[in-house]
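Following: one structure in structure tokens, then a few remarks.
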Amino acid sequence: MTAPEAQLARVAHLLELNRAEQALDEVDRLPAALALSPAAFRLRAYALTSLSRWDDLAAVARRGLAEAGPDPELLGRLGVALRHRREYPAAERALLDALAIEPEDPWLLCQYAQLCSAVGQLDKAERLVARAATISPQEPAVFACRVQLAYARGDDREADRIAREFLGAWPDNPAALALHGATSARRGRLGTARRAFGQAVAHDPTDADYAEAAWEAQVHAHPLLLPLRPLHRLGIFRTWLLAVGVIVLLNVVGLDVLAGLFAVAWMLFCVWSWIAPPLVRRMVLGRWRS
């Protein structure tokens with residue numbers, strides 16, 4: 001292996017270890033000729049994607065395309081950056097240009113599917129993900145897109161099933177762990193969510209979103225918030241409807257005293273739902289800082 005190849009391999013290894021900031025530092029130390037190579041621009045773009053630095057990613061992808069000409073990965077990264085910046089027509093143009101070069105690339109198909117989902121074209125997004133899944137069914141991007149589309153369709157149960165399937169296929173993947181944590185939280189399994197987010201942070205400590213989600217899961221799994229679990233499992237609106245329905249039903253059947261007691265308990269529950277979360281947040285944050 002030549003010295004330039006070894007330098008690029010070191011950067012790629014850092015990215016495999018989820019050390020995107022260190023990878024960017026290594027790329028910045030590359031010799032001038034190597035720093036302008038297509039491989040260097042791809043590595044920069046990958047690192048910036050991992051760090052969610054969308055403006056920088058768009059600038060690097062455009063510069064790489066100007067230096068090296070059409071490149072499907074850089075076009076795809078540009079499309080991702082523009083989607084996050086809500087520049088949807090330009091993002092679609094970049095992704096279609098990428099797919100014109102690599103029409104069977106699962107990652108590109110999934111990125112286009114995410115763009116279609118973002119603008120409400122769910123049927124088109126599902127066709128794109130299905131096409132990606134026939135090419136590479138175990139691709140992490142395919143699993144992640146399937147979860148997102150299930151949520152977009154309002155099917156939390158299916159999203160949870162796919163997230164568990166993703167974790168089974170990629171047990172050490174931080175994205176799989178984070179999605180498992182997110183779907184578990186929405187299903188009311190807060191202890192599972194806390195553990196999953198904690199493992200995601202352990203595998204990728206540089207991701208601020210994972211850290212924030214782990215902190216929130218730690219808050220919601222606190223014993224003082226145990227009475228509020230129905231809000232996570234059923235949702236606020238359905239919990240309210242259920243409580244009001246019980247009170248009305250007890251009144252209708254003549255159990256006025258019991259209806260009154262339940263109404264008082266419901267009022268206390270509401271007060272606790274307002275007071276307890278900020279109190280627990282301060283307690284947990286203080287423990288994290290100590």
Side-chain angles (χ1 to χ4, degrees), residues 14-23 45-54 57 76-77 80-81 83-84 106-107 109-111 113-115 117-118 125 129 132-133 136-222 225 229 231-233 235 277 280-281 284-285 288:
L14 287 169
L15 290 173
E16 289 175 1
L17 297 175
N18 298 313
R19 297 178 180 174
E21 290 282 6
Q22 288 179 259
Y46 187 103
L48 291 168
T49 303
S50 299
L51 296 168
S52 302
R53 289 168 52 180
W54 310 121
L57 174 57
R77 299 288 172 188
V80 171
R83 171 171 62 84
H84 280 91
W107 182 79
L109 289 167
C110 286
Q111 300 314 308
Q114 288 192 31
L115 174 63
S117 179
V129 174
S136 182
Q138 299 298 305
E139 179 77 19
V142 172
F143 281 115
C145 266
R146 289 172 61 204
V147 172
Q148 291 167 4
L149 284 174
Y151 275 137
R153 293 289 192 190
D155 192 344
D156 288 6
R157 190 183 299 275
E158 177 67 6
D160 183 48
R161 186 193 67 77
I162 297 169
R164 285 186 277 110
E165 185 183 339
F166 185 10
L167 187 63
W170 297 87
D172 295 325
N173 186 297
L177 288 161
L179 276 176
H180 180 55
T183 56
S184 295
R186 290 186 66 152
R187 301 286 294 170
R189 301 192 304 270
L190 299 179
T192 300
R194 178 176 56 80
R195 289 189 295 273
F197 283 127
Q199 290 174 320
V201 171
H203 283 87
D204 187 0
T206 64
D207 193 299
D209 291 336
Y210 295 164
E212 179 68 20
W215 182 77
E216 282 292 331
Q218 186 78 12
V219 169
H220 291 303
H222 196 278
L225 298 187
R229 294 287 174 91
L231 292 176
H232 297 282
R233 189 176 296 274
V280 171
R281 278 190 173 87
V284 171
L285 182 59
W288 278 34

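- Y210 places none of its side-chain heavy atoms less than 4.5 Å from the side chain of L177.
- Applying the side chain to side chain contact (heavy atoms under 4.5 Å, CB included) test to A202 and every residue at least two apart in sequence or in another chain returns nothing.
- Between atom CG of residue L149 and atom CD of residue Q114 there is a gap of 8.5 Å, rounded to the nearest 0.5 Å.
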inquiry  = Does W107 form a side-chain contact (heavy atoms from CB on, under 4.5 Å) with V80? I'd like the steps, not just the answer.
reply    = CA-CA 11 Å; W107 182 79; V80 171; 4.0 Å; yes
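- A23 and L15 make their closest contact through CB-CD2, 3.6 Å (heavy atoms, listed as atom of the first residue, atom of the second, distance).
- Here the CZ-CD distance, from F166 to Q138, works out to 10.0 Å after rounding to the nearest 0.5 Å.
- Among pairs with a residue in residues 159-168, those fulfilling side-chain hydrogen bond (donor to acceptor under 3.5 Å, both in side chains) read E158-R161, D160-R164, D160-T183, D160-R189, R161-E165, at least two apart in sequence or across chains.
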Show me the donor-acceptor pairs within less than 3.5 Å that the side chains of residues 190-201 make with the rest of the protein, sequence neighbours left out.
residue, atom, partner, partner atom, Å
T192, OG1, R195, NH2, 3.4

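- Remark: A118 engages Y88 in a side chain to side chain contact (heavy atoms under 4.5 Å, CB included) (not counting sequence neighbours).
- The two residues A144 and L179 come nearest to each other via the heavy atoms CA-CD1, 3.8 Å.
- At least one side-chain heavy atom of C110 sits under 4.5 Å from a side-chain heavy atom of V142.
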Would you give me the side-chain donor-acceptor pairs under 3.5 Å for residues 45-53, sequence neighbours excluded?
residue, atom, partner, partner atom, Å
T49, OG1, A45, O, 2.7
T49, OG1, R77, NH1, 3.4
S50, OG, Y46, O, 3.1
R53, NE, D56, OD2, 3.0
R53, NH2, D56, OD2, 2.9

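- W54 meets the ring pair (Phe, Tyr, Trp, His ring centres under 6.0 Å) test with H84; sequence neighbours excluded.
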